[in-house]
Amino acid sequence: MIKHNMVDLVGQYKKIKPEVDQAILEVLSNASFINGPAVQKFQKNLETYLDVKHVIPCANGTDALQVALMALDLKPGDEVITTSFTFIATAEVIALLQLTPVLVDVDPITYNIDPEAVERAITPKTKAIIPVHLFGQCADMNAIMEIAKAHNLYVIEDNAQAIGAEFTFPDGTVKKAGSIGDIGCTSFFPSKNLGAYGDGGAIFTNSDELAAKIRVVVNHGMTVRYYHDLVGVNSRLDSIQAAILDIKLKHLDEYGAARLKAANYYNEAFSKTDKIAYPKTASFTNHVFHQYTLVLNGVDRDGLMKHLNDRGIACAVYYPVPLHMQKAYLDPRYKEGDFPITEQLSKTVMSLPIHTELTEETLKEITEAVLEFVGN
Ligand SMILES: *Cc1c(COP(=O)(O)O)cnc(C)c1O
């Protein structure tokens, strides 16, 4: 029986239960399930939190990425550069729209897209770059924005894992993850750092023009009621989810601090062994620890995972198969060995429980169980 799960959404809910229950009841009592006042309120509050001009809520993070690409007027065969080490959704939407995903390797320390590899992958067909702020820290947005500017490319940030993280530019300017590129995308999947009690997502932009287009795309390509100027999709955040998210948004920074505290406890414990490389944070970003992911050095990963599970401790591998080795994405352009860092990470990473409700007692139990197996 697992007693320490990867997340503790029940424990988190208990602390905000009166507020959340009240907000849900309010939506029920006025039956404003779709596009109700709760959606507008949350949208405005998220715009303020991110310091971004427009937030367009949608149904989930995958839709957010798809709609972002649809808003850019790309043509089949146009190339979109992204990382080989991410959740499938990032590449899935590129392929779905008949665009060509161009994969590049990652930085071995942060596991985020390598800007030099991005630069090398640019061709005359390249139209956009999708950096992913993986596990909760920002990719090198200064380098990526410079490359995009030099080559006239769009940047869509996949911010599903790093809402609340901040990027510091060399001149000292600080911006929230997702507010830097042309468009930012996020997911409110329940286990994300800002999680709903169902599905949800949002798209961010500072461009009035892109915002207007995105609002049309998410609403069936409709400009005036029942007049459809382009082919769109149906992608909405419902009012119950918005009401819940609006409450959780107020706690987001405090949730981030709780995750960081747990991560620091882990780091300290694992700094004592060279069998584990604990996650490092780049100097230009903070880390909101969507995942606590370490790299094992000469440790039997399956054996360690079984050892932890036997002691009631959950653990997981994000992600065991690089994108270019996924069956649905096999492509003659790529073969095993093309992305050595991603391939090595997929064989050696392991994630431990990280959430807002971890006690020192639990952290002690988990770190001791890990160290017992790997030795010092
Ligand atoms: C969760 C996630 C998504 C997709 O979000 P959904 O809401 O599940 O569609 C996209 N990209 C990354 C990196 C994610 O972690």
Side-chain angles (χ1 to χ4, degrees), residues 6-7 9 42 46 55-70 80-97 101 103-104 106-107 110-113 128-139 141 144 155-165 177-178 180-181 183-204 218 233-238 240-242 244-245 248 259 279 285 287-293 316-323 326 328-329 342 345-346 349 351 354-355:
M6 297 299 284
V7 293
L9 297 177
F42 170 61
L46 190 55
V55 165
I56 301 105
C58 65
N60 57 67
T62 309
D63 273 11
L65 289 162
Q66 181 181 330
V67 168
L69 284 170
M70 288 172 79
V80 180
I81 298 174
T82 193
T83 158
S84 47
F85 192 56
T86 178
F87 179 55
I88 200 68
T90 321
E92 185 176 48
V93 294
I94 302 172
L96 261 179
L97 296 172
L103 303 176
V104 300
V106 295
D107 176 88
T110 64
Y111 329 138
N112 271 325
I113 195 165
I129 309 169
I130 308 186
V132 179
H133 304 312
L134 198 72
F135 300 151
Q137 71 172 311
C138 296
M141 289 307 290
I144 290 163
V155 174
I156 299 174
E157 298 174 71
D158 181 341
N159 194 30
Q161 300 192 2
I163 196 156
I180 302 163
I183 305 178
C185 297
T186 204
S187 163
F188 304 125
F189 184 79
S191 64
K192 301 278 156 113
N193 288 34
L194 181 57
Y197 295 165
D199 274 309
I203 306 158
F204 328 135
V218 295
V233 295
N234 171 26
S235 192
R236 295 184 285 241
L237 179 72
D238 72 68
I240 289 180
Q241 300 308 333
I244 294 161
L245 288 165
K248 291 183 75 174
R259 288 170 177 274
T285 174
H287 204 315
V288 295
F289 286 100
H290 173 61
Q291 296 299 345
Y292 182 86
T293 304
V317 174
Y318 308 115
Y319 297 93
V321 183
L323 293 194
Q326 294 287 357
Y329 293 79
T342 293
L345 287 171
S346 67
V349 287
S351 303
I354 187 103
H355 53 78

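Residue numbers count from 1 along this sequence. Every number for a ligand or one of its atoms is a count from 1 in the order of the listing.
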- Message: I want to check something: taking the side chain as every heavy atom from C-beta on, are N159 and F204 in contact at a cut-off of under 4.5 Å?
- Response: yes
- The side chain to side chain contact (heavy atoms under 4.5 Å, CB included) partner of T110 among H133, H287, Q137 is Q137
- Flag, side chain of K248 to backbone of G195, donor-acceptor distance under 3.5 Å: yes
- Message: Tell me if a side-chain donor or acceptor on Y111 pairs with a main-chain N or O of T293 at a distance below 3.5 Å.
- Response: yes
- Query: When you look at L134 and T83, which way does the side-chain contact (heavy atoms from CB on, under 4.5 Å) test go after all the steps?
  - Reply: CA-CA 10 Å; L134 198 72; T83 158; over 6 Å; no
- Query: Any idea which protein heavy atom is nearest atom 13 (C) of ligand 1, and the distance to it?
  - Reply: D158 OD2, 3.4 Å
- Item | Top protein contact for atom 14 (C) of ligand 1, by heavy-atom distance | K192 NZ, 3.1 Å
- Item | Q161-ligand 1 polar pair, N/O distance under 3.5 Å | yes
- Looking only at distances, please establish whether an N/O atom of ligand 1 is found under 3.5 Å from an N/O atom of G61. yes
- Is V132 in contact with ligand 1, taking contact as a heavy-atom separation below 4.0 Å? yes
For ligand 1, does [X] get within less than 4.0 Å through its side chain, its backbone, both, or neither, judged by non-hydrogen atoms?
X	value
H290	neither
N60	both
T62	both

- Item | Donor-acceptor side-chain pairing of H290 and N193 below 3.5 angstrom | yes
- Item | Residues in side-chain hydrogen bond (donor to acceptor under 3.5 Å, both in side chains) contact with N112, at least two apart in sequence or another chain | none
- Option of least heavy-atom distance to atom 12 (C) of ligand 1 (set: A202, A160, S187): A160
